[in-house]
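We name chains A, B, ... by the order of the sequence lines, and we start the count at 1 in each one.
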Number of protein chains: 2
Amino acid sequence: MRQSQLFTKTRKEAPADEVSKNAQLLIKAGFIHKEIAGVYSLLPLGLRVVNKIKKIISTEMEALGSVEIIMSTLQNKEIWEITDRWSDEKVDVWFKSALKNGNEVGFGWSHEEPITNMMKFHTGSYNELPRYVHQFQNKLRNEVRAKSGIMRCREFVMKDMYSYSVDEKQHMDFYNKVTESYMKVFNNIGLGGITYITSASGGLFTEKFSHEFQTLCEAGEDNIYVHKDGKLALNEEIWNDETLEKLAVKKEDFEFKKAAEVGNIFTFGTGKSEQLGLFFNDSEGKKRPVFLGSYGIGVTRLMGVIAEVFADEKGLSWPKEVSPFAVHLVRLGVSNETLEFADNMYNDLQKKGVEVLYDDRDLRPGEKFADSDLIGIPVRMVVSDKTLAVNKIEVKFRNKAEAELLDIEEALKIL
Amino acid sequence: MRQSQLFTKTRKEAPADEVSKNAQLLIKAGFIHKEIAGVYSLLPLGLRVVNKIKKIISTEMEALGSVEIIMSTLQNKEIWEITDRWSDEKVDVWFKSALKNGNEVGFGWSHEEPITNMMKFHTGSYNELPRYVHQFQNKLRNEVRAKSGIMRCREFVMKDMYSYSVDEKQHMDFYNKVTESYMKVFNNIGLGGITYITSASGGLFTEKFSHEFQTLCEAGEDNIYVHKDGKLALNEEIWNDETLEKLAVKKEDFEFKKAAEVGNIFTFGTGKSEQLGLFFNDSEGKKRPVFLGSYGIGVTRLMGVIAEVFADEKGLSWPKEVSPFAVHLVRLGVSNETLEFADNMYNDLQKKGVEVLYDDRDLRPGEKFADSDLIGIPVRMVVSDKTLAVNKIEVKFRNKAEAELLDIEEALKIL
């Protein structure tokens with residue numbers, strides 16, 4: 001994309017009320033626009049990052065055998081009343097409104113209930129299980145405070161997957177596969193090495209620990225203790241002698257860290273199926289409730305975490321896997337030769353399928369470099385009268401201090 | 001996709017309160033699930049159709065130079081108050097709710113206001129215009145009645161595009177291009193020949209006619225008069241002697257038709273920009289308001305219109321352009337040879353990138369054929385012990401009465 005056609009400009013200042021680093025940078029670089037506290041629109045650069053993250057997640061979910069759907073935002077009160085999660089006392093993040101006929105509707109903050117209810121129409125026999133479905137849905141949550149930028153929003157994109165199994169064993173087989181699959185997602189997104197499977201308190205169904213995926217991040221809202229072997233982490237909520245004893249590990253082998261929860265997996269059991277009436281016939285024709293699990297990844301939150309983790313004093317710095325573009329081609333100078341060379345290079349890269357943001361604007365070099373650093377595409381290639389005079393391209397990696405002059409062919413090999 | 005892995009089953013009955021043909025069929029065939037009146041979730045088959053429609057639209061919008069964004073559902077009251085469209089007296093389809101701090105928020109039924117407000121941060125000079133942005137957004141509208149299935153919903157996917165121009169001339173150039181582009185979209189979606197550019201009353205800015213795109217459809221809510229030349233159509237609201245005189249056409253050359261509005265284009269002018277403060281500096285440095293246009297296509301509505309228009313007594317019938325799959329491969333019989341042949345054919349087609357739904361279920365032929373007709377994929381290929389005995393495949397087009405036995409190679413050529 002030509003930067004002259006990208007309508008967003010970088011901004012000197014984020015809104016005064018924006019306190020979080022991720023949102024400040026994403027707003028200044030033109031990735032998002034703040035509507036109200038905790039509510040952001042996705043501008044072209046931000047949408048591209050989110051779509052990259054979604055694609056990486058999709059690939060893994062489909063490999064697990066999950067099928068994509070998308071549930072409605074508007075929620076049927078009756079279904080949530082059955083599971084006693086309609087009242088504001090039980091769930092304190094509901095947005096609700098009235099239909100013209102007086103009936104209340106809710107706005108989806110989660111979707112276990114409607115998906116489980118929907119599955120009733122498509123489940124009959126044990127040989128139709130297990131089933132896995134997932135969606136990328138805009139969740140709406142009436143949060144009291146929204147202070148972590150796009151890491152805790154009133155509106156955010158979540159990937160939620162649900163598993164429907166005949167029993168706990170079939171469920172746990174899948175649960176374990178999802179654990180591996182999630183770690184693959186976080187690796188593929190560029191958060192490998194700093195994301196931990198973290199044990200937390202048991203939750204609804206089980207007295208065993210539940211599992212979260214926590215990425216080390218100073219701006220995160222969670223406190224975790226990471227074992228020196230790197231394979232075990234504990235959420236603060238279960239950080240006590242009893243847990244350490246149960247796991248046969250020593251306190252002094254753990255280090256305290258701030259972290260952001262980027263994913264979680266839950267074992268629900270059969271309670272919700274019994275309440276909502278999701279049953280199947282087993283091989284002996286006996287009616288039994290379906291065993292439910294749910295698996296979330298915070299898609300827009302991930303964009304925020306990545307922004308926080310990799311940014312430096314000059315701006316954003318994207319891992320190549322989720323960068324809005326693979327390369328930032330920056331033209332300096334306005335001689336016909338340079339213009340033509342840069343235009344041709346842009347067209348060639350486009351044809352080769354390389355995603356390139358082409359800064360074809362007539363601005364001062366200082367402005368263009370500042371914009372480029374702020375936007376944070378991992379590779380910058382500068383074409384100018386000077387570089388072309390020696391038949392070179394100036395290449396700079398966003399996460400390295402120094403630029404280098406490379407032969408043109410050598411430079412293109414990087415992409 | 002193997003049908004044994006597609007979790008949805010066809011249903012004998014739609015919900016008793018569902019009166020529209022499109023929703024009845026889409027529910028029975030497993031494309032959508034009804035949550036409440038006017039609110040439907042998209043199941044895998046429905047999501048595939050919607051994604052096909054979105055892709056066709058995207059291609060044309062990008063060809064126009066529009067850049068994709070996605071605005072939030074939650075709406076800032078203050079912005080809508082500036083243009084006097086917050087109160088329920090002015091806009092009667094708002095859903096609203098209260099934030100924890102007592103402030104009200106709205107739920108997006110349209111996005112001219114927030115997009116125009118956002119553009120203030122990215123517009124300065126005349127040489128930064130025109131700009132075009134579009135999104136695929138879930139609109140929420142508090143409709144009094146919802147009786148046309150997914151053709152008039154309380155929640156629906158809309159493609160809305162906005163143009164920001166320096167003046168009326170620049171605007172009209174784009175407006176005319178969009179008109180052509182929209183007709184291309186409707187042609188590419190399979191609605192060519194029955195979709196008309198229809199003049200309607202002028203709207204906010206202009207005393208000229210505005211334009212809608214109407215597809216002939218008995219279940220449509222609009223009444224239009226189509227000229228026998230096929231190029232002119234008039235919405236009932238401007239069907240009078242004055243209009244006919246102005247256009248120099250004769251009453252008797254028109255035919256009355258029921259139709260569904262699938263797209264519309266609006267000239268807003270500069271009013272909203274003046275209210276919201278969206279100005280640019282012209283070439284003489286003078287501050288001038290930006291000229292606004294908006295362009296909508298009802299994405300989920302299109303799925304409903306297509307369902308209505310092409311369905312027959314046996315079920316849905318998709319144009320190939322938007323069909324969830326290109327071919328429905330149906331295996332009958334369970335001999336090892338047939339199983340192996342069908343499995344191989346499925347794998348080969350997958351490898352070739354042909355989108356195939358493979359009915360690998362062990363059901364009676366009658367059930368499989370009924371499901372296939374209901375789902376409505378344009379080409380059905382039956383592989384059975386009988387067809388393989390003569391080295392043939394039975395091919396049936398959904399919109400033709402008779403099946404034919406073709407040589408295997410000949411059959412594959414169709415795809």
Side-chain angles (χ1 to χ4, degrees), chain A residues 1 4-9 11 30 33 35-44 46-47 50 65 67-79 92 94-101 103 105 107 114-115 118-119 121-124 128 131-133 138 140 142-145 154-155 164, chain B residues 1 4-9 11 30 33 35-36 38-44 46-47 50 65 67-79 92 94-101 103 105 107 114-115 118-119 121-124 128 131-133 135 138 140 142-145 154-155 164:
Chain A
M1 176 182 277
S4 60
Q5 287 187 331
L6 177 71
F7 72 86
T8 54
K9 300 201 280 192
R11 291 166 57 172
H33 179 78
E35 302 295 338
I36 56 171
V39 180
Y40 304 89
S41 289
L42 293 175
L43 303 183
L47 183 57
V50 167
V67 188
E68 191 176 348
I69 59 172
I70 187 153
M71 301 299 285
S72 63
T73 288
L74 290 170
Q75 294 292 304
N76 185 346
K77 175 183 175 179
E78 287 173 25
I79 291 173
D92 64 358
W94 272 117
F95 282 112
K96 295 173 185 172
S97 193
L99 289 173
K100 298 274 188 209
N101 64 12
N103 286 349
V105 282
F107 297 84
I115 292 188
M118 177 274 290
M119 290 299 285
F121 295 90
H122 299 287
T123 310
E128 289 162 0
R131 294 294 196 203
Y132 318 119
V133 298
N138 237 24
L140 302 174
N142 202 344
E143 300 278 357
V144 178
R145 273 165 311 187
R154 296 195 162 103
E155 175 170 353
Y164 295 88
Chain B
M1 176 182 273
S4 60
Q5 286 186 332
L6 176 73
F7 72 86
T8 54
K9 299 201 279 193
R11 290 165 58 171
H33 180 78
E35 301 295 338
I36 56 172
V39 179
Y40 303 89
S41 290
L42 293 174
L43 303 184
L47 182 58
V50 166
V67 188
E68 190 175 351
I69 58 171
I70 187 152
M71 302 297 286
S72 63
T73 289
L74 289 170
Q75 295 291 303
N76 185 346
K77 173 182 176 179
E78 287 173 24
I79 291 173
D92 64 359
W94 273 117
F95 282 111
K96 295 173 184 170
S97 192
L99 289 173
K100 298 274 187 208
N101 64 12
N103 287 348
V105 283
F107 296 84
I115 291 188
M118 178 273 292
M119 290 299 284
F121 296 90
H122 299 287
T123 309
E128 289 162 359
R131 292 296 195 202
Y132 319 119
V133 298
Q135 61 173 352
N138 237 24
L140 302 175
N142 202 345
E143 301 278 357
V144 178
R145 273 166 311 187
R154 296 195 161 104
E155 175 169 354
Y164 295 89

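Although no hydrogens or angles enter the test, the distance criterion places a donor-acceptor pair under 3.5 Å between the side chain of A/Glu155 and the main chain of B/Thr73. Between the side chain of A/Ser72 and the backbone N or O of B/Ser41 there is no donor-acceptor pair closer than 3.5 Å. Remark: the backbone N or O of A/Leu74 is not paired with any side-chain donor or acceptor of B/Glu35 at under 3.5 angstrom.
Between chain A and the options B/Pro114, B/Gly38, B/Ala98, the largest number of non-hydrogen pairs under 4.5 Å is found for B/Ala98. Contact count versus chain B (heavy atoms, under 4.5 Å) is highest, among A/Asn103, A/Val144, A/Ile115, for A/Val144. Note: A/Met119 leads A/Met119, A/Arg145, A/Glu143 in heavy-atom pairs under 4.5 Å with chain B.
In this structure, the portion of B/Leu140 lying under 4.5 Å from any heavy atom of chain A is its side chain and not its backbone. With a threshold of 4.5 angstrom between heavy atoms, A/Asp92 approaches chain B through its backbone and through its side chain. For B/Glu128, the part lying near chain A is the side chain, with the backbone staying farther off; criterion is any non-hydrogen pair under 4.5 Å.
Side-chain contact check for B/Val39 versus A/Val105: every heavy-atom pair is 4.5 Å or farther apart.
Residues B/Lys96 and A/Ser97 share a closest heavy-atom pair of O-OG, 2.8 Å. Summarising the geometry of A/Ile69 relative to B/Pro44, their closest heavy-atom pair is CG2-CD, 3.4 Å, with the distance given to 0.1 Å. Listed here is the closest heavy atom pair of A/His122 and B/Lys9: ND1-N, 2.8 Å. Taking every heavy atom of both residues into account, A/Val67 and B/Met1 meet most closely at CG1-CE, 3.7 Å. Here the closest non-hydrogen pair linking A/Met118 and B/His33 is CG-CG, 3.5 Å.
Between A/Phe107 and B/Phe95, the angle of the ring planes goes over 60°, which puts this pair in the perpendicular group of the 30/60° scheme.
A side chain to side chain contact (heavy atoms under 4.5 Å, CB included) with A/Ile70 holds for exactly one of B/Leu47, B/Asn138, B/Val50, B/Leu43; it is B/Leu47.
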